[in-house]
Amino acid sequence: MSTNRHELVETWLREELQPFVGWDFSYLAGRISEEREPWSYLDMASELMERSSSVIDLDTGGGEKLLRLREHWPDRVVATEAYAPNFELASERLSPLGVEVVKVEVTDTSPMPFANGEFDLVLNRHADFNSSEVARVLSPGGTFFTQQVHGMWHWDLQAAFDATPEYPDATPEKFVPLLEKAGLTITSVEEWEGRMVFEDVGAIVYYLKAIPWEVPGFTVRSHLRYLLALQERLEAGEELGFYAAKYLIEARKAGR
């Protein structure tokens with residue numbers, strides 16, 4: 001290995017300690033690139049907002065995406081977030097703008113603390129959802145719009161650390177029938193596959209610490225041999241590119 005191993009490890013340890021707040025990967029600007037899906041989630045969400053009088057954004061993170069949609073907000077905007085640091089950040093950013101930020105964990109089995117038919121639009125970007133609860137809180141004629149990360153996302157990066165996808169069945173084939181069973185009509189499904197490329201191994205360290213479910217228990221010390229193997233691949237001229245895939249589902253509730 002041509003690069004000094006001690007210096008590499010020290011660099012990676014510093015990356016491991018870098019803070020990650022909200023859902024903001026700007027720290028990795030220029031060090032990570034992703035082929036883009038052929039749609040714009042924000043553009044599609046904005047069009048749906050303009051036809052709605054109320055919207056809820058499930059698992060808003062620090063409110064980053066919701067803020068980018070601000071000029072399209074309807075009269076009532078609600079956001080949920082369970083992770084305490086993100087909830088505090090979202091509240092700080094969104095509450096002064098009139099958004100109701102609710103601290104609640106949204107899972108694929110849990111109920112949501114909202115009334116029947118409370119929202120014209122339910123937005124969900126990369127978060128769990130309970131199909132029955134989504135259908136319940138939607139108003140007649142309301143829309144559920146979600147962009148999801150495919151369950152096999154980064155299977156090859158995980159394999160480089162002897163890890164495997166936690167939810168390989170997180171696909172449209174799983175969720176479309178669940179939404180239909182809940183009484184919703186599927187109006188659109190789109191799928192995309194591509195690659196995410198890391199320019200250096202330190203960027204992978206930061207990424208895996210920010211998204212701890214990809215390689216459970218990851219630390220530089222405990223996974224050092226895997227990081228060194230990736231460094232060898234990089235120095236041999238191999239691109240550190242890994243499988244990426246996302247999909248969109250839009251569903252509508254019968255009504256007006």
Is there a chain of hydrophobic side chains (I, L, V, M, F, W, Y, each step under 4.5 Å between heavy atoms) that links L69 to V122? no
Taking all heavy atoms of A127 and all of L58, pick out the closest pair and write down the distance. CB-O, 4.2 Å
Side-chain touch T164/Q158, heavy atoms, less than 4.5 angstrom: no
To the nearest 0.5 angstrom, please state how far the OG atom of S52 sits from the CG atom of D75. 10.5 Å
Can you confirm whether F161 sits close enough to I204 that some side-chain heavy atom of one is under 4.5 Å from a side-chain heavy atom of the other? yes
Taking only residues two or more places apart in sequence or in another chain, which ones pass ring-ring contact (aromatic ring centres under 6.0 Å, His included) with F242? none
Side-chain heavy atoms of H150 within contact of E193, under 4.5 Å: no
Is there a path from L42 to L248 through hydrophobic residues (I, L, V, M, F, W, Y) whose side chains come within less than 4.5 Å of each other? yes
Side-chain H-bond candidate by donor/acceptor type, D120 with S139, under 3.5 Å: yes
Just by distance, with hydrogens left out, do E214 and W153 show a side-chain donor and acceptor under 3.5 Å apart? yes
Looking at W155, I want to see if its CH2 is surrounded by more than 12 non-hydrogen atoms of other residues, nucleotides or ligands under 6.0 Å. no
Say whether L234 and V9 are linked into one hydrophobic cluster, either directly or through other cluster members, by side-chain heavy-atom distances under 4.5 angstrom. yes
Rounding to 0.5 Å, atoms CE (M152) and CG (D169) come to a distance of 10.5 Å
Nearest heavy atoms of F175 and A170, plus distance in Å: CE1-CA, 3.9 Å
Sole candidate of E191, E190, E34 that passes salt bridge (Lys or Arg N to Asp or Glu O under 4.0 Å) when paired with K246: E34
Partners meeting ring-ring contact (aromatic ring centres under 6.0 Å, His included) with F25 (sequence neighbours left out): F20, W23, Y207
Within a 6.0 Å radius of atom NZ on K181, are there more than 12 heavy atoms belonging to other residues, nucleotides or ligands? no
Apply side chain to side chain contact (heavy atoms under 4.5 Å, CB included) to the pair L13 and E16, showing each step before the final yes or no. CA-CA 5 Å; L13 288 169; E16 187 176 33; 3.5 Å; yes
Please collect all ring-ring contact (aromatic ring centres under 6.0 Å, His included) contacts where either partner lies in residues 76-117, sequence neighbours excluded, each pair once. F114-F119
Between I56 and L67, is there a shared hydrophobic cluster once you connect ILVMFWY residues whose side-chain heavy atoms come closer than 4.5 Å? no
Can you tell me how far the CD atom of E133 sits from the OG1 atom of T109, to the nearest 0.5 Å? 10.0 Å
Can you run down the ring-ring contact (aromatic ring centres under 6.0 Å, His included) pairs that involve residues 48-72, sequence neighbours left out, and say none if there aren't any? none
Which heavy-atom pair separates A90 from G61 by the least distance, and what is that distance? CB-O, 3.6 Å
Heavy-atom pair of closest approach, residues Y226 and A160: CD2-O, 3.1 Å
Using a 4.5 Å cut-off on heavy atoms from C-beta on, say whether the side chain of Q147 contacts that of M44. no
Got a second to check how far Q148's CD is from T146's OG1, nearest 0.5 Å? 3.5 Å
So L157 and Y243, do their side chains get closer than 4.5 Å, heavy atoms only? no
Distance from L138 atom CG to L121 atom CG, nearest 0.5 Å? 8.0 Å
With sequence neighbours left out, the residues meeting ring-ring contact (aromatic ring centres under 6.0 Å, His included) with Y247 are none
Just grab all the salt bridge (charged side-chain N to carboxylate O under 4.0 Å, His left out) pairs involving residues 23-32, residues at least two apart or on different chains. E15-R31, R31-D200
Taking the side chain as every heavy atom from C-beta outward, state whether V215 and H154 have any pair of such atoms under 4.5 Å apart. no
Please walk me through it: do M49 and L123 pass side chain to side chain contact (heavy atoms under 4.5 Å, CB included)? CA-CA 9 Å; M49 277 188 174; L123 293 178; 3.7 Å; yes
Side chains of F218 and L227: closer than 4.5 Å at any heavy-atom pair? yes
Quick one: does L48's side chain get under 4.5 Å of V55's, heavy atoms only? no
Which ILVMFWY residues are connected to V197, directly or by a chain of links, through side-chain heavy atoms under 4.5 Å apart? none
Within the supplied structure, the quantity of interest is the number of heavy atoms (other residues, nucleotides, ligands) at a distance under 6.0 Å from R68 CZ; does it exceed 12? no
Shortest non-hydrogen separation from E118 to A115 and the atoms involved: OE1-N, 2.5 Å
Co-membership, hydrophobic cluster, residues V78 and V106, 4.5 Å side-chain: yes
Quick check against the 3.5 Å criterion: does Y206 have a side-chain atom that pairs as donor or acceptor with the backbone of P19? yes
Walk me through it: do K65 and T60 pass the test side chain to side chain contact (heavy atoms under 4.5 Å, CB included)? CA-CA 8 Å; K65 301 302 180 184; T60 196; over 6 Å; no
Residue pairs passing the ring-ring contact (aromatic ring centres under 6.0 Å, His included) test where at least one lies in residues 36-70, sequence neighbours excluded: Y41-F145
Search all heavy atoms of R252 against all heavy atoms of E250 and return the closest pair with its distance. NH2-OE2, 3.9 Å
What verdict does the side chain to side chain contact (heavy atoms under 4.5 Å, CB included) test give for L228 and W12, after you've listed the backbone C-alpha separation in whole Å, the side-chain angles of each residue and the deciding distance to 0.1 Å? CA-CA 11 Å; L228 291 171; W12 296 339; 3.8 Å; yes
Roughly how far apart are N124 CG and D57 CG, rounded to 0.5 Å? 8.0 Å
Which residues pass the side chain to side chain donor-acceptor pair (under 3.5 Å) test with S54, sequence neighbours left out? none
Does F144 have any ring-ring contact (aromatic ring centres under 6.0 Å, His included) partners at least two apart in sequence or in another chain, and if so, which? F129
State which residues pass side chain to side chain donor-acceptor pair (under 3.5 Å) with N130; sequence neighbours excluded, sorted by chain then number. none
So for atom CZ, which belongs to R70, do other residues, nucleotides or ligands contribute more than 12 heavy atoms lying within a distance under 6.0 Å? no
Hey, could you give me each pair passing side chain to side chain donor-acceptor pair (under 3.5 Å) that has a residue in residues 85-104? Not counting sequence neighbours. E64-R93, R76-E100
